[in-house]
Each structure stands twice: as structure tokens, then as C-alpha cells.
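Here is the naming used below: chain letters follow the sequence lines, and residue numbers restart at 1 for every chain.
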2 protein chains.
Amino acid sequence: MSKDGARTRTGIKAVAALAGVGIASVSRVLSGQPGSSPQLTQRVLEAARQLGYTPNALAQGLRRKTTRSIGFVGSDITNPLIASIVSGAEAVLSQAGFSILLTNSAGVASVDAERIETLLQRQVDGLIVLPALEDDPATLAVMRNVGVPLVLIDRTLPEAVPAHYVLSDHYRGVGDACRYLLAAGHRRIALVVGRDVRPTRERVRAVEDAYAAAGLPDGLRVHHGTLTLAHGEAAVEEMLSASQPPTAVILGGNQLLEGALRVVHRRGLTLGVDLSLVCCDDVPLSRFHQPPIATVMRDSTQLGRRAAEVLLAQIASPGESEPVHLETWFEPRGSAGAAPTSAPGPVKGLRSRQARSDAVKATPASAARQRKRQSGT
Amino acid sequence: MSKDGARTRTGIKAVAALAGVGIASVSRVLSGQPGSSPQLTQRVLEAARQLGYTPNALAQGLRRKTTRSIGFVGSDITNPLIASIVSGAEAVLSQAGFSILLTNSAGVASVDAERIETLLQRQVDGLIVLPALEDDPATLAVMRNVGVPLVLIDRTLPEAVPAHYVLSDHYRGVGDACRYLLAAGHRRIALVVGRDVRPTRERVRAVEDAYAAAGLPDGLRVHHGTLTLAHGEAAVEEMLSASQPPTAVILGGNQLLEGALRVVHRRGLTLGVDLSLVCCDDVPLSRFHQPPIATVMRDSTQLGRRAAEVLLAQIASPGESEPVHLETWFEPRGSAGAAPTSAPGPVKGLRSRQARSDAVKATPASAARQRKRQSGT
DNA sequence: TTGAAAGCGGTACCAC
DNA sequence: GTGGTACCGCTTTCAA
């Protein structure tokens, strides 16, 4: 490759000079445009190689008015869900020769707007955004005229904003979870959700509909708050301290899980027995928890991939687009068990379904527990 | 803000025209350079506001020869360790007005080199890299003359490469873990590590030294391989199938944990009793595992923060720099217990240390288990 | 203080 | 086919 020295120092005219050709020819050859004689092409290529020349993407972008870069605005890359989305998006984008500018909003709506502004200044060709809110005026104002294709994940905005959507079908997964719990005899189910964004609304609607379909008058509670470990802990603590505590809790966000587990462990509760727990969105090791955490799953990498694909398609040829819908599904695991007071009947049916879907089989685990007991801890 | 229409359309000359001033004045005012009369400043500001003008970062970068952007090359953002590093780096960089170009190498050395090339083309002002290998010729060649400050995390390269280093003290944490296990009576300890990079070498050296210091002739095994779930599973499976299986395993990377746990659960083993397990680098929920997973910890966010700080400092004024060392520490938890055959003596000492450091107290958990038994599952 | 003009490193149109 | 040249949008001397 290059001989040595600072790489940035060699420009296109150095290549032209060395090759003894015009600057325009170098550009043509290196851009892969047709219409250059083989010999000229050779000389240019050779000169470029000798100097270790690399075109300056800034200058190219300035002229071409396209940077082959896109901006990603998320709340927190530390959340495995977001990380998977970014990872999925990165995979398809990098393969298409696009780079990703990653920003963090920390879930603050005003920061969303700022980050988008910054990315637009940097002339990204498109944006993938997971806004903290759907109705933040500043964010909406910025989005209204981004000037480049915009893909939103799991958010819906007023028609006025020309965005494209990739949405998870939260209604289905949470609905299934709720029906599962109802079938298991639970009559006091609590749903903990975050702020009023699409996933929250879908989840609330799902449990409400499930309750209604079961012909149950009430017993459902919805706790609104923020999706944080602290809120998860506080919410579950509060619920369990109530006079009529729920027998099952559905967590509308994996950020709540650790907080909830803190309370559960602190109180010495056994999940699936004393309390049933369902979490939305998988977390590493959740299936290795004892018992495994029943989860409303989705393919989060796919979420990112699809968002990237939609974006690339729009960059290639802008226009309208149908929202992309991706499924979610409920994976019953040990933490979702029969209601404490339920009759033996429904319990049995439950058990069998559980055994089938648990990643960690019940038998060896219980065997281990027994052995442990014998080993005389 | 802006009236409407595509934002990118308004350039500096439009502002100049509207304000009735020269183009240079607009630049000066908007760049915050002194020496403009108040009235001119006002008119420029007003015009810019009216048009919703935002400077084109590409053009600025081209002229200024600095883009206030840095490149990050990691292996897999899906790994919570990497995600934390990125998150930490992003926090300090965005506050300093820098953007991050995120790339993924998927742990493939040749991709590292490609990604760095791409980022350099985009004229990043600096790089934070976690190379897959330390001796990949292509990567070294590229790094040799990046032309911008380069910070490496947890890797060391030949002197020839002008890089800056942020390193974790793996030796300490793993050494403590190993000594802990030895004190608990373990005499056959296995260490599973990845490829030959600094953390691997440090960890191997740590256990070797611990063994030597204890005056033990042998019993230590080191398994080299790749840091993947599959390898974790295969390695542990193989070890446990041996005629003299280890009584304790140290996993040199959190990617191995899930694989290891699969084997453990499949075989119905009880961690901390049948087999002791220590994992390097924390994973969500690992302390909620039953028993909690003993872990060699480190502040991964800090790792990213420091890397970013070093990079910013070097961008501000390039030069030599001392490597930054960050600590690691062993957090004993339930999964690291006494060796199966050990005498009661050392066991006792162990227990008390464990109880103190376990995030989840042993008592309520066992109580829960008992209750479960009574509930007649 | 302010503005004209020369680039930064490319691209692409337009003659030759 | 090939090369001159006018920009892209902005910063920065340099004169006025």
C-alpha cells in the first residue's frame, strides 16, 4: 500500500501529477466511471497505489451532495434491545457502503432534537430514530423538514411528518402473555409501562382487550412511569405492598426487569409460584434465571436490519412507504406460573405448556436443587 | 426556527444576501470570532435565524481540516461490555461536540483494517479501536500511519505504532479470583480464554503466578479458543467430560458465560457446589442467577470515558502519553464455592466472605426455595 | 470593521 | 478519450 508518512497528505492532484494525466481523469478512473483507455487507467491506478491515495470523503460529499452516511438516534446503547437494533442496522448499512453516526439521547426528548440537528449538519443521507417522545414539539419541528429520509422505530407521529415506520406488533405478544396469565388463573394482573409512546399504548390496549374478551370486569392495573431500573423496583415494591397485590406482573420494558427482580429476591418470593412475572424484550441470561423469565420476544436485530433496508430504499428512491410490521411472541417460561389460589385443573394444563417451551428443562434443574440440599449446604 | 422547506438548501451566501453583508462576515459572526460590530452581528444572526441556517459540516471540515468526529472500531456492540465502552465514550465526546462514527469488525482482523481505512477517508479527528488481533499485518500497516491520534483499548502493539493505551488490569482481578478458588480448596482450575491478545495473556499469567505462589505443581489448564457462546459451551462440555474434570472454571470473557451455563444446566450441576464458576466481565442478571455468578468486574463505562478523554487530549495537543490503567476486581458470589472434596475448615472461611459480597442474600432465596417445595410443586 | 478572493479536495460539464 | 475549469459551502488571509 502506501509508502509511509501521513496519509491525508496526498490529494488527487498528486496522483494526477505522478501519473502524468489530468485531474479529471484520475477522478473518473477512481470513481469507476467508464470511458478511459486501459493504459490511462493503468497509470492512474498505479500512481494511486504508489501514493496510497484515498479520496477525501468530505470533498466528495460536498460535491456529490451525498455522504453515504446515516445518523442513528437512540436512547441508550447499553440497553441490549437498542444494541441489537444498532447491530442489525450496522450490518446492512456497512455492507451497502454506508457509515453510521451514532448518538445517544439518554431518553431526553430535547436532546433528540439536538442530535438530529447535528446529524443533519453533517449531511447524513438518512436517519434512523427512536425518539423518546412522539409529541415533543422541538423534535417534531426538526423532523418536519429533515430533508432526508427518516425511519422511526416503534413510534408513530402525526401525518404531518414525512417519516417511514418499522413497528413491532406489541399488541400480539403482550396479549398472548396476558391471556396466558388469565388462563393460569390470574385475576389481578399488573402492567408496568413507560411513557406514552406506541409500544406503551399497544401493550395497554392488549391487556385491556384480553381482560374484556375474558369477560372480566376488572383486576387489571396499569402503572405508568419511566423505563428505568429504579422505577421497576419502586413500582413492583409498591404494588406488592398494596392490600390486594397483583398475582402477576407484566413488565413493559427490559429496563424494569432488574429492579423487579431485586424486589422479588429481597422478599424471598418464588417466581411462578408466589408471583408470576413476564418481561417484554429479552435480556441476556433471563432464560437461565431460576425460574426462567417468561418473555415477550421479538427479533431486535431484524428490527434494525429492516429499518436500515427501508432507509436505503428511500435514499435510493424517495417516496411513500407502507409501515413495516414485525411480530412479537410470548415465550412462556417458569416465571409465569399458576395463580397462587387457582384450582388444580388449569394448573396442569399450564405445566405441560411450560415444560415444552422452557429453554432450561425443569428436570435437571430440580435435580440439582435436590442434590444441593443433600450435599448439606 | 426555520420557516419551512428543505433545510439543506440555505447556504451561507443566502444569509449574507439577506443580511446585506459579505459572506466572510457571516462566517465570522456565526463562528463566534470577535471583531464584528454589534449591528452587523445582529443582522447576521437575525438573517440566519430567519432562514434556519445551519452550516454545512462537510464544507467546514474541508476547510478547517478537522471534523470534530471520531471513529470507533469494535468487535460487537451487542456485547454489553462493548456497549458500555461506547456509551462512556459517547458521553464525553458528544459533550465536547464530537460525533462518533461507529463500526463493527465482527472480530475479524481484516475488517478492522478496512474499517479504519473508511473512517480515515471520512477524515475523523481520532480513533478508538479494539482490534481483534494485535499482530494482524494489515491492521498494523494501517495503524502505522493513521495520521490522527489513535487510542487502543485493552491491546498493546509493537512500539512502531504511535498509539495511546487504555488498559484494564486483568492480572489483578483474575489473580484474586484464582487465589480465592485455591483458598477454597480447588486444585484443578481451568481457564478458558480467547485469542492471544493482552487480556488473555494477563489472565493466563495471573493464574499461573497464583498457582506458582501457592507452591502448587500443576492442576491448572488453559483452554485457548474464541470468545463465543459456542466455544464456551464446547470448552466446558469437553472439560467436564475429561477423566479429571476441573472443579472450578474461570471464563475469560462474558461471551462464554451463556455457553457454560447451558452445559451446567443441562448436566444438572449446582454451581458453587458441584462446580465453581467465575466469569470475567459482568453481564446483566448475572447476580440474579441462582447462585449469583462470581465475576471479575471492571468499570467498562469508565474504560470508554477514559479512552475518549485521552483521545480528546491528544487531538488538542498531540504527543506521547502514558498508558492509562484501570482496575479490575474480583467479586466473589455464590457460583464460586468450596471445592467438592475440601475439608470443612476452609469452607467456613469462604462462606462468610461470600455472604458479605453477594448481591442477593442467601437467606431469602433459600427461604423461597423451601416455600416452593412446601407449596407442593 | 468589513468584504473580495483564494483555496480545501473532489466532481462533472464541456470543449478539444 | 482526455483535460481544463467551474463550482460544492465554508474559512481565512489580505486589502481597503
Side-chain angles (χ1 to χ4, degrees), chain A residues 6-45 47-48 51-69 118 120-125 147-148, chain B residues 6-45 47-48 51-69 118 120-125 147-148:
Chain A
R7 77 162 43 239
T8 312
R9 291 300 127 215
T10 44
I12 195 171
K13 57 186 53 161
V15 178
L18 179 59
V21 303
I23 237 174
S25 296
V26 177
S27 177
R28 267 191 231 103
V29 171
L30 265 36
S31 301
Q33 289 177 49
S36 294
S37 68
Q39 43 273 47
L40 186 148
T41 302
Q42 269 318 307
R43 287 167 59 194
V44 169
L45 256 29
L51 286 90
Y53 170 73
T54 311
N56 182 325
L58 253 39
Q60 289 184 314
L62 188 57
R63 263 312 307 224
R64 301 211 244 224
K65 309 208 153 300
T66 164
T67 55
R68 294 190 88 76
S69 70
T118 302
L120 290 174
Q121 269 192 230
R122 290 188 184 279
Q123 313 298 121
V124 293
D125 291 341
V148 295
Chain B
R7 77 162 41 239
T8 312
R9 291 300 127 216
T10 44
I12 195 171
K13 58 185 55 161
V15 179
L18 179 58
V21 304
I23 236 173
S25 296
V26 177
S27 176
R28 269 191 228 102
V29 171
L30 265 36
S31 301
Q33 289 177 53
S36 294
S37 68
Q39 43 273 46
L40 185 150
T41 302
Q42 268 318 307
R43 288 167 56 196
V44 169
L45 255 30
L51 284 93
Y53 170 73
T54 311
N56 182 326
L58 253 39
Q60 289 184 314
L62 189 57
R63 265 307 311 225
R64 303 210 241 219
K65 308 208 153 302
T66 164
T67 55
R68 294 189 87 75
S69 70
T118 302
L120 290 174
Q121 270 192 230
R122 291 188 183 279
Q123 313 299 121
V124 293
D125 291 341
V148 295

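Nucleotides of DNA chain C nearest to B:K65 and B:G35 differ in position, and the one nearer the 5' end is that of B:G35. Of the two residues contacting DNA chain D, namely A:S37 and B:A57, the nearest-nucleotide position lying further toward the 5' end is that of A:S37.
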Got a list of protein N/O to nucleotides 3-7 of chain D N/O distances below 3.5 Å?
{"unit_1": "D:dG3", "atom_1": "OP2", "unit_2": "A:G22", "atom_2": "N", "d": "3.1"}
{"unit_1": "D:dG3", "atom_1": "OP2", "unit_2": "A:S25", "atom_2": "OG", "d": "2.7"}
{"unit_1": "D:dG3", "atom_1": "N7", "unit_2": "A:R28", "atom_2": "NH2", "d": "2.7"}
{"unit_1": "D:dG3", "atom_1": "O6", "unit_2": "A:R28", "atom_2": "NH2", "d": "2.4"}
{"unit_1": "D:dC7", "atom_1": "O2", "unit_2": "A:R63", "atom_2": "NH1", "d": "2.4"}

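Rounding to the nearest 0.5 angstrom, the gap separating the OG atom in B:S69 from the CZ atom in B:R122 is 9.5 Å. Once rounded to the nearest 0.5 Å, the distance linking CG of B:L40 with CG of B:L45 reads 10.0 Å. How far CG of A:L58 is from CD of B:Q121: 11.0 Å, rounded to the nearest 0.5 Å. Separation of atoms OG1 (B:T54) and CD1 (B:I12) is listed at 12.0 Å; rounding is to 0.5 Å.
When rounded to the nearest whole Å, the span between CD of B:Q121 and C1' of C:dG10 equals 12 Å. Following rounding to the nearest Å, A:L30 (CG) and C:dG10 (P) show an atom-to-atom distance of 9 Å. Regarding B:L62, its CG atom lies at a distance of 9 Å from the P atom of C:dG10, rounded to whole Å. Distance B:Q33 CD to D:dT13 P: 9 Å, rounded to the nearest Å. Distance, B:R68 CZ to D:dC10 P: 18 Å, rounded to whole Å. For the pair A:L58 CG and D:dG9 C1', the computed distance is 11 Å after rounding to whole Å. The distance from atom NZ of B:K13 to atom P of D:dC10 is 9 Å, rounded to the nearest whole Å.
For A:A59, the side-chain atoms get nearest to C:dG10 when compared with the rest of C:dA12, D:dG9, C:dG10. Among C:dT11, D:dC8, D:dT11, the nucleotide with an atom closest to any side-chain atom of A:I12 is C:dT11. In the set C:dA12, D:dC8, C:dG10, C:dG10 carries the atom at the smallest distance from any side-chain atom of A:N56.
A close approach under 4.0 Å does occur between a side-chain nitrogen or oxygen of A:S31 and OP1 or OP2 of C:dT11. Put simply, A:Q60 has no side-chain N or O that comes within less than 4.0 Å of OP1 or OP2 on C:dG10.
Under the side chain to side chain contact (heavy atoms under 4.5 Å, CB included) test applied with B:L18, the options B:T10, B:V26, B:L51 reduce to a single match, B:L51. Only one option out of A:R28, A:Q42, A:R43 pairs with A:S36 in a side chain to side chain contact (heavy atoms under 4.5 Å, CB included); it is A:R28. Considering A:T66, A:V148, A:T67 as possible partners of A:Q123, the one that fulfils the side chain to side chain contact (heavy atoms under 4.5 Å, CB included) test is A:T67.
Contact annotation for B:Q39: no contact, since no heavy-atom pair falls under 4.0 Å across all strands.
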